[in-house]
**Q** 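First, the structure itself, so that you have it in front of you.
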Amino acid sequence: MRMRNLVATLGVAALALTVGACGKDDSPTAGGGGSTTGSCGDLHKFTVASGADVTGSPTFTKMKARGHAVVGVKADQPNLGYKDANGKRCGFDIEIARMVSAQLGLDPDKIEYQEIPSANRETAIGGGQIDYYVGTYSITDKRKKLVSFAGPYFVAGQDLLVRKSDTSMDAGKTALKGKKVCSATGSTPIQRVKDEQLTEASNISEFKTYSECVSQLLDNKTDAVTTDDAILKGYAANAPDELRVVGKPFSTEKYGIGLPLTDKALRDKVNAGLESSFTDGTWKALYDETLGKSGAAATPPSLEKY
Ligand code: GLU
């Protein structure tokens, strides 16, 4: 196991090398952390709301008293939730997290980030370790029993990342039988592979993060990485000579902002903020500065208020 982890780490380093040194953000609008390259560019500038209040929200009261938000994120998902070699964070999820903070009257530059892998999100939110979570977090009925969600603010679909020269899985999920498949523990994609028995149990490997699976793929230890297309496109954009996304999505993954289960006041407030970003052009600007660089398609989704 230790050996596997070591290989995984080296694989990620190799991937980072392939990626190249720094962002060539020469257009004025391109700075927002489009990290298909190794480093994050300038972040979006938000106006911090003055006098923001969320009556009846214990989470908001806690944040306000602290003076900043504590937000759970991913750190290895290019153009979504990414941390570069200098420790700078960027991506669409990071910008959504910053926007929410600004709308709550808290300086987005003061956010305290906590990296929480897919499997630990519900406990981190439920245990009060973070105020909210923004990290490719699909809204599902099962998760809704443990946490609440604002959103969706984006819709992705499960897809496959394969080695560029391998055409044997171009049919999509039906071609996975007999193939080695890697995904992240606690994610909806790995659950789907198991539930639908898309490949044999002995062919499934799971890691804490998707970047570990990408290392497995580059090292020929797995045949495919499966998760949301938005995530996979970021890895493919980083290693276009080695990897590609099959492009036959087979699920609907609605990304929500994870919130404490009973804090309806905060959910309503965050939904109102998302809604205004959909209509005033902010959402589109954030998208173009980040995820749009992975080549993923997009229009803002419809909110599901509850
Ligand atoms: N959106 C899926 C999920 O929430 C996969 C991505 C992830 O693990 O964050 O499980």
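Owing to the predicted nature of the structure, the values given are computational and were not obtained by experimental measurement. In listed order, ligands and their atoms are each counted from 1. Atoms considered below: every heavy atom in the structure, side chains included; atoms not considered: hydrogens, waters and symmetry mates.
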**Q** Please assess K284 against D288 for the test salt bridge (charged side-chain N to carboxylate O under 4.0 Å, His left out), listing each intermediate value before the final yes or no.
**A** CA-CA 6 Å; K284 178 80 169 76; D288 289 344; 2.9 Å; yes
**Q** Near S187, which atoms of ligand 1 are under 4.0 Å from a heavy atom of that residue?
**A** 8 (O), 10 (O)
**Q** Side chain, backbone, both or neither: which part of P189 has a heavy atom under 4.0 Å from ligand 1?
**A** side chain
**Q** Do the side chain of D223 and the main chain of K180 share a donor and acceptor less than 3.5 angstrom apart?
**A** yes
**Q** For E253 and S251, which I'm curious about, is there any donor-acceptor pair between the side chains at under 3.5 Å?
**A** yes
**Q** Are V100 and I94 joined in one hydrophobic group, where the rule is that I, L, V, M, F, W and Y side chains link up if heavy atoms are under 4.5 Å apart?
**A** yes
**Q** Numbering the atoms of ligand 1 from 1, which are under 4.0 Å from a heavy atom of T136?
**A** 1 (N), 2 (C), 3 (C), 4 (O), 6 (C), 7 (C), 9 (O)
**Q** Please tell me whether Q77 and T136 have a donor and an acceptor in their side chains that are separated by less than 3.5 angstrom.
**A** yes
**Q** Near Y137, which atoms of ligand 1 are under 4.0 Å from a heavy atom of that residue?
**A** 4 (O)
**Q** Examine the proximity of ligand 1 to S118 and report which part, side chain or backbone, both or neither, has a heavy atom under 4.0 Å away.
**A** side chain
**Q** When rounded to the nearest 0.5 angstrom, what distance separates OG in S148 from CZ in R143?
**A** 14.0 Å
**Q** Within the structure, does Q77 bring an N/O atom to less than 3.5 angstrom of an N/O atom in ligand 1?
**A** no
**Q** What atoms of ligand 1 come closer than 4.0 angstrom to any heavy atom of R121?
**A** 3 (C), 4 (O), 7 (C), 8 (O), 9 (O), 10 (O)
**Q** Under 4.0 Å from any heavy atom of G135, which atoms of ligand 1 are there?
**A** 9 (O)
**Q** Within the 4.0 Å heavy-atom shell around K74, which atoms of ligand 1 are there?
**A** 7 (C), 8 (O), 9 (O)
**Q** For R143, take its heavy atoms, then give the atoms of ligand 1 lying under 4.0 Å from any of them.
**A** 3 (C), 4 (O), 10 (O)
**Q** For atom 1 (N) of ligand 1, tell me which residue out of T226, D228, D93 has the closest non-hydrogen atom.
**A** D228
**Q** Can you spot which of V214, L217, L218 makes a side chain to side chain contact (heavy atoms under 4.5 Å, CB included) with E242?
**A** L218
**Q** For residues 171-178, which side-chain donor-acceptor pairs fall under 3.5 Å, sequence neighbours excluded?
**A**
from, atom 1, to, atom 2, distance (Å)
K173, NZ, E196, OE1, 2.7
K177, NZ, Q197, O, 3.2

**Q** Could you check atom 2 (C) of ligand 1 against the protein and tell me its nearest heavy-atom contact, residue, atom and distance included?
**A** T188 OG1, 3.2 Å
**Q** Who are the ring pair (Phe, Tyr, Trp, His ring centres under 6.0 Å) partners of F149, not counting sequence neighbours?
**A** Y137
**Q** Measuring from the heavy atoms of I231, does anything fall under 4.0 Å of ligand 1?
**A** yes
**Q** Which ligand 1 atoms does T227 reach within 4.0 Å, using its non-hydrogen atoms?
**A** 5 (C), 6 (C)
